S.K.: 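Got a structure for you, written out below as structure tokens; questions coming shortly.
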Amino acid sequence: MTESTVTPGPREMFERVRRHWLENLGGFGSELADNAVIEVPFAPPGRPRRHEGKEAFLLFAGPEQAAFARRFALDEVREVVVHETADPEVIVVEYELAGRVLATGLQASSPFIGVLRVRDGKIVSWREYQNTLAMIEIMGRPGT
């Protein structure tokens, strides 16, 4: 089997997502399975904590990612630590997003933990733990 025919596992899929975030923040989505489940257990009040299906997630996330990209320049995905699990489909990854608020030039970063399950070369679940209140504080109110 050649390298080009190897089905990507969770590490490779996280790396693809990381590259998308850095190259085109709004471009994330092709890595998701049609039936993917995306969860953000600590989403702020009024925001969905669970998205079932790629289409549902992209309908929500597309405008969110576009608005974020207009206000924040993502410079790095750093401090990446990947933890293998007993399940070869699953990894736990720690990472930090770092960049700057465009309106103020403020340098900012925030840590995240993601639990990814990849099957047949697609992400079938992603549970992301983030400090959403810190992100809101960094970004300020809409329009700032």
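This is a predicted model, so every value here is computed, not measured. FYI, the numbering just counts along the sequence from 1.
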S.K.: I want to check something: taking the side chain as every heavy atom from C-beta on, are Glu94 and His83 in contact at a cut-off of under 4.5 Å?
M.R.: yes

S.K.: Where is the tightest heavy-atom contact between His20 and Ser30, given as atom of each residue plus distance?
M.R.: CE1-OG, 3.6 Å

S.K.: Once the angle between the rings of Phe57 and His51 is folded into 0 to 90°, is it parallel (under 30°), tilted (30 to 60°) or perpendicular (over 60°)?
M.R.: perpendicular

S.K.: Mind checking the CG-CZ spacing from Leu97 to Arg78? Nearest 0.5 Å is all I need.
M.R.: 9.5 Å

S.K.: Is the shortest side-chain heavy-atom distance between Ser109 and Glu79 below 4.5 Å?
M.R.: no

S.K.: Which value, rounded to the nearest 0.5 Å, describes the distance between Asp87 atom CG and Arg117 atom CZ?
M.R.: 4.5 Å

S.K.: What verdict does the side-chain contact (heavy atoms from CB on, under 4.5 Å) test give for Arg11 and Glu84, after you've listed the backbone C-alpha separation in whole Å, the side-chain angles of each residue and the deciding distance to 0.1 Å?
M.R.: CA-CA 9 Å; Arg11 278 180 176 266; Glu84 301 289 338; 2.5 Å; yes

S.K.: Is there a chain of hydrophobic side chains (I, L, V, M, F, W, Y, each step under 4.5 Å between heavy atoms) that links Phe112 to Phe60?
M.R.: no

S.K.: Would a 4.5 Å heavy-atom cut-off, applied to side chains only, mark Leu32 and Ile38 as touching?
M.R.: yes

S.K.: Could you tell me whether the side chain of Trp126 reaches within less than 4.5 Å of the side chain of Val17, counting heavy atoms only?
M.R.: yes

S.K.: Report yes if some heavy atom in the side chain of Pro8 is under 4.5 Å from a heavy atom in the side chain of Glu31; otherwise report no.
M.R.: no

S.K.: How are the rings of Tyr95 and Trp21 set to each other: parallel, tilted or perpendicular (split at 30° and 60°)?
M.R.: tilted

S.K.: Under 4.5 Å between side-chain heavy atoms, hopping through other hydrophobics if needed: is there a path connecting Leu116 to Leu58?
M.R.: yes

S.K.: Does the side chain of Ser110 come within less than 4.5 Å of Gln130's, by heavy atoms?
M.R.: no

S.K.: Please tell me if the side chains of Glu39 and Val115 come closer than 4.5 Å, counting only heavy atoms from C-beta onward.
M.R.: no

S.K.: Roughly how far apart are Arg50 CZ and Ser125 OG, rounded to 0.5 Å?
M.R.: 9.0 Å

S.K.: Minimum heavy-atom separation for Thr85 and Val90, please, with both atom names.
M.R.: OG1-O, 2.9 Å

S.K.: Can you confirm whether more than 12 heavy atoms, excluding those of Asp120, are under 6.0 Å from its CG atom?
M.R.: no

S.K.: Side-chain contact, heavy-atom cut-off 4.5 Å: Ile123 with Phe14?
M.R.: no

S.K.: Do Leu102 and Arg70 pass the side-chain contact (heavy atoms from CB on, under 4.5 Å) test, and can you show the C-alpha distance, the side-chain angles, and the key distance before you say yes or no?
M.R.: CA-CA 8 Å; Leu102 295 173; Arg70 286 192 300 272; 5.9 Å; no

S.K.: So, does Arg49 use its side chain to make a donor-acceptor pair with the main chain of Ala43 at under 3.5 Å?
M.R.: yes

S.K.: Shared ILVMFWY cluster between Ile113 and Val37, side chains joined below 4.5 angstrom?
M.R.: no

S.K.: Indicate yes or no: does Arg19 engage Glu15 in a salt bridge with an N to O separation below 4.0 Å.
M.R.: yes

S.K.: For Phe72 versus Ala108, what's the shortest heavy-atom pair and its separation?
M.R.: CZ-O, 4.0 Å

S.K.: What about Leu74 and Val93, same hydrophobic cluster or not, with Ile/Leu/Val/Met/Phe/Trp/Tyr joined at side-chain heavy-atom distances under 4.5 Å?
M.R.: yes

